[in-house]
Amino acid sequence: MKKNLLLPLFTAFLFQTAIYSQSLNNNHDPKVDINLSPSFNSTINPDKNSSINPKYNWNINPVHNNDINPEFNSSINPLNHYELNPDMNKTLNPMYHNEYHPKNPSWKGLYIFNKTDDVIGYISIATQQLMLTFDSTGEWTGSYIKAAPGIYNHFDVKGIWDGKYLCFDSIVGYNIFDKDGNWTGQHIK
């Protein structure tokens with residue numbers, strides 16, 4: 001009797017796991033198209049292209065440019081703007097809107113990769129100003145709020161800026177930087 005119950009339970013678990021996993025589209029996969037990988041394409045690698053590196057281009061560095069720093073520019077801080085804060089605004093919250101969640105089988109979005117081009121998270125574009133972030137298990141981890149064209153600051157789920165930000169890679173995606181302007185090796189496609 002126990003063996004008869006284990007097989008259907010195991011099958012249901014596998015089926016449920018298969019439903020919730022996202023398959024990576026080749027158009028987003030830097031392991032398939034090396035032009036998408038900063039390791040192989042120096043144009044999108046901030047360590048090799050100073051114009052997309054905030055350590056050398058202070059126009060894209062929130063520490064050196066108050067216009068894109070949410071601690072100095074309240075218009076890009078979700079603590080001051082309900083319409084930018086998914087924690088306070090249910091229409092932007094992925095826990096209320098399943099279409100934003102990467103566990104949704106019909107989800108469309110972007111992928112976060114590490115330095116070796118492995119998927120480590122997901123991005124859902126909620127509005128032109130807001131992108132929601134999820135880890136590799138689909139756990140909501142925060143959001144990116146647009147600070148300027150091609151620049152987004154990262155906030156936790158409560159709307160607190162953690163110092164991270166992303167900058168357009170000049171071709172097809174974004175690179176993620178820490179508060180000190182160091183490239184984390186992570187990139188978004």
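Since the structure is predicted, the reported quantities are computational estimates derived from the model, not experimental observations.
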Could you walk me through whether Asp117 and Ser37 pass side chain to side chain donor-acceptor pair (under 3.5 Å), step by step? CA-CA 7 Å; Asp117 298 330; Ser37 175; 2.6 Å; yes
Is there a path of hydrophobic side-chain contacts, each under 4.5 Å between heavy atoms, that joins [X] and [Y]?
| X | Y | result |
| --- | --- | --- |
| Ile112 | Trp107 | no |
| Ile68 | Ile160 | no |
| Ile188 | Tyr152 | yes |
| Tyr165 | Leu110 | no |
| Leu166 | Ile125 | yes |

Tell me the closest heavy-atom pair linking [X] and [Y], and the distance in Å.
| X | Y | answer |
| --- | --- | --- |
| Pro30 | His187 | CG-CE1, 3.8 Å |
| Asn153 | Ala147 | ND2-CB, 3.6 Å |
| Asp178 | Thr184 | N-CG2, 3.9 Å |
| Phe168 | Gly173 | CD1-O, 3.1 Å |
| Trp183 | Pro38 | CH2-CB, 3.6 Å |
| Thr141 | Phe134 | OG1-N, 3.8 Å |

Could you tell me whether the side chain of [Y] reaches within less than 4.5 Å of the side chain of [X], counting heavy atoms only?
| X | Y | result |
| --- | --- | --- |
| Ile120 | Gln186 | yes |
| Ile171 | Thr43 | yes |
| Phe155 | Ile145 | yes |
| Val157 | Asp87 | no |
| Ile52 | Cys167 | no |
| Asn66 | Asn73 | no |
| Pro86 | Leu132 | yes |
| Asp118 | Lys31 | yes |

Using 0.5 Å steps for rounding, measure from the [atom1] atom of [X] to the [atom2] atom of [Y].
| X | Y | atom1 | atom2 | answer |
| --- | --- | --- | --- | --- |
| Leu84 | Leu92 | CG | CG | 8.0 Å |
| Glu99 | Ser124 | CD | OG | 9.0 Å |
| Lys90 | Met95 | NZ | CE | 13.0 Å |
| Asn175 | Ile44 | CG | CD1 | 7.0 Å |

Carefully, step by step, assess Ser75 and His81 under the rule side chain to side chain contact (heavy atoms under 4.5 Å, CB included). CA-CA 7 Å; Ser75 69; His81 292 282; 4.3 Å; yes
Hey, are Thr133 and His154 close enough side-chain-wise for a donor-acceptor pair under 3.5 Å?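 His154 vs Thr133: donor-acceptor pair found between side chains.
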Examine the side chains of Lys55 and Asn61 and answer whether a donor and an acceptor come within less than 3.5 Å of each other.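 Note: Lys55 and Asn61 side chains miss the donor-acceptor criterion.
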Please write out which residues are connected to Tyr82 in a hydrophobic cluster, directly or through intermediates, given that two of Ile, Leu, Val, Met, Phe, Trp, Tyr count as joined at side-chain heavy-atom separations below 4.5 angstrom.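 Under the 4.5 Å side-chain rule, Tyr82 groups with Met88.
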Could you work out the complete set of other residues in the hydrophobic cluster of Phe72, with links drawn between I, L, V, M, F, W and Y side chains under 4.5 Å apart?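 Members besides Phe72: none; it forms no cluster.
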All side-chain contact (heavy atoms from CB on, under 4.5 Å) counterparts of [X], not counting sequence neighbours:
| X | value |
| --- | --- |
| Val172 | Leu36, Asp169, Lys189 |
| Glu71 | Asn69, Trp161, Lys179 |
| Asn57 | Asn59, Ile60 |

Please check: side-chain N/O of Ser50 versus main-chain N/O of Asn53, any donor-acceptor pairing under 3.5 Å?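 Side chain of Ser50 to backbone of Asn53: no pair is present.
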So, does Asn77 use its side chain to make a donor-acceptor pair with the main chain of Pro70 at under 3.5 Å?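 Here the side-chain-to-backbone pair exists.
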Lys115: salt bridge (Lys or Arg N to Asp or Glu O under 4.0 Å) partners, not counting sequence neighbours: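 Listed in chain order: nothing, the list is empty.
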